[in-house]
There are 2 protein chains.
Amino acid sequence: MRLLPHPNPEDIQLTEVLKALSDPVRLLIVGRLAAHGEMTCSTAGDDLGVHKSTASHHYRMLREAGVIMSKQEGRKKYISLRRDDLDARFPGLLDSVLTAAHEPV
Amino acid sequence: MRLLPHPNPEDIQLTEVLKALSDPVRLLIVGRLAAHGEMTCSTAGDDLGVHKSTASHHYRMLREAGVIMSKQEGRKKYISLRRDDLDARFPGLLDSVLTAAHEPV
DNA sequence: CGTATAGTTGGATGTATGTCAAACAGTTAG
DNA sequence: CTAACTGTTTGACATACATCCAACTATACG
């Protein structure tokens with residue numbers, strides 16, 4: 001069901017993941033996916049404060065870095081965190097980032 | 001002894017740290033600092049494969065993101081990881097990144 | 001004082017990125 | 001079929017970044 005190119009688990013690069021997570025909008029998206037699981041791009045991109053084309057750009061960044069998986073179903077596209085792949089490759093990384101992202105300012 | 005602007009611990013931003021760590025050269029520098037503790041810019045920048053001015057640029061990125069501390073002593077500048085500050089603000093983050101950076105390809 | 005050492009700064013360059021707007025494409029509903 | 005919905009693509013633009021080289025600053029050593 002992978003219509004778009006996703007990196008294989010062993011090809012996920014640390015620097016690419018860190019770069020993908022280093023944008024506030026993308027971090028927000030990832031936080032939502034972590035909290036609510038699989039969701040459509042519409043839902044994930046709701047109230048992000050950016051144009052839908054910008055959100056689409058961010059989904060591609062996250063996908064190409066290996067952070068999220070996307071699958072098309074009808075006219076909707078569902079995206080989800082690649083938790084297992086990330087945890088296996090970079091133990092503790094995603095959790096610490098998600099925890100840090102929730103911290104008060 | 002802080003001659004250059006370092007962000008206060010509470011002002012260190014997650015996205016800035018992640019961006020700082022998302023460059024291969026900087027990750028290498030951080031790995032060295034983690035392994036050997038405080039070192040001069042010369043030592044940290046040895047065999048990085050980049051020009052010394054490029055290395056200097058990376059030190060500034062790391063410093064401004066709050067990842068490293070630098071202090072001038074004579075004509076040498078010593079840089080070190082802000083481990084405690086980072087651990088306090090983003091528990092587990094630095095460790096997971098360092099662990100991941102050491103993983104085989 | 002003159003020279004070597006340690007780093008920074010400025011200029012130049014090519015590449016990447018974040019953003020929006022508008023147009024487009026595929027899917028579903030009436 | 002036509003219209004609405006979901007999301008991507010393209011173009012345009014401003015900004016940031018990684019890099020090198022050359023010049024500069026500041027300190028230390030003879």
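The sequence lines fix the lettering, A, B, ..., with proteins before strands; numbering per chain opens at 1.
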Judged by atom type as modelled, is there a donor-acceptor pair below 3.5 Å linking the side chain of B:Thr54 to the main-chain atoms of B:Val50? no
Among C:dT8, C:dT28, D:dC17, which nucleotide sits nearest the side chain of B:Ser56? C:dT8
Examine D:dA18: is either OP1 or OP2 under 4.0 Å from a nitrogen or oxygen in the side chain of B:Thr54? Give yes or no. no
Which heavy atom in B:Ile68 sits nearest to a heavy atom in B:His6, and how many Å separate them? O-CD2, 3.6 Å
Once you round it to whole Å, what is the distance between C1' of D:dC21 and NE2 of B:His57? 16 Å
Any donor-acceptor pair under 3.5 Å linking the side-chain atoms of B:Thr40 with those of B:Thr43? yes
Does B:Arg26 use its side chain to pair, donor to acceptor, with the backbone of B:Leu62 at less than 3.5 Å? no
Can you check the A:Gln72 CD to C:dA25 P distance for me, whole Å? 16 Å
Is there side-chain contact between B:Lys19 and A:Lys19, with at least one heavy-atom pair below 4.5 Å? no
Once hydrogens and angles are ignored, does a donor-acceptor distance under 3.5 Å link the base of C:dG7 to the side chain of B:Lys52? yes
Whole-Å distance between D:dC17 P and B:Tyr59 OH? 18 Å
Just N and O in the side chain of B:Lys76: are any of them under 4.0 Å from OP1 or OP2 of C:dG7? no
Near DNA chain D, under 4.0 Å by heavy atom, which residues of residues 15-24 of chain A? none
Would you find a donor on one side and an acceptor on the other, under 3.5 Å apart, between the side chain of A:Asp23 and the backbone of A:Val25? yes
Rounded to the nearest Å, what distance is computed from the CG atom of residue B:Asp46 to the C1' atom of nucleotide C:dT5? 15 Å
Out of D:dC20, C:dC20, D:dC17, which nucleotide sits closest to the side chain of B:Val50? D:dC20
Distance in angstrom units between A:Met61 CE and D:dT9 P, rounded: 11 Å
Side chain of A:Arg75 only, heavy atoms from C-beta on: which candidate in D:dT19, C:dT28, C:dA4 is closest? C:dT28
Side-chain donor/acceptor contact of A:Ser53 with base of C:dA21 under 3.5 Å: yes
Expressed as a whole number of angstroms, how long is the span from B:Lys77:NZ to D:dA28:P? 16 Å
On the nucleotide C:dT19, are OP1 or OP2 found under 4.0 Å from the side-chain N or O atoms that A:His51 carries? no
Whole angstrom is fine here: how far is it from CZ in B:Arg60 over to C1' in D:dC17? 11 Å
From the set C:dG7, D:dT27, C:dA22, return the single nucleotide nearest to any side-chain atom of B:Ser42. C:dG7
Round to the nearest Å and state the distance from B:Lys71 atom NZ to D:dA26 atom P. 22 Å
Contact class for B:His58 vs. all strands (heavy atom < 4.0 Å): base, sugar-phosphate, or nothing? sugar-phosphate
Please check: side-chain N/O of A:His58 versus main-chain N/O of A:Ala20, any donor-acceptor pairing under 3.5 Å? no
Compare side-chain N and O positions of A:Arg26 against OP1 and OP2 of C:dG18 and report whether any pair is under 4.0 Å apart. yes
Between A:Val97 and B:Phe90, is there a side-chain heavy-atom distance shorter than 4.5 Å? no
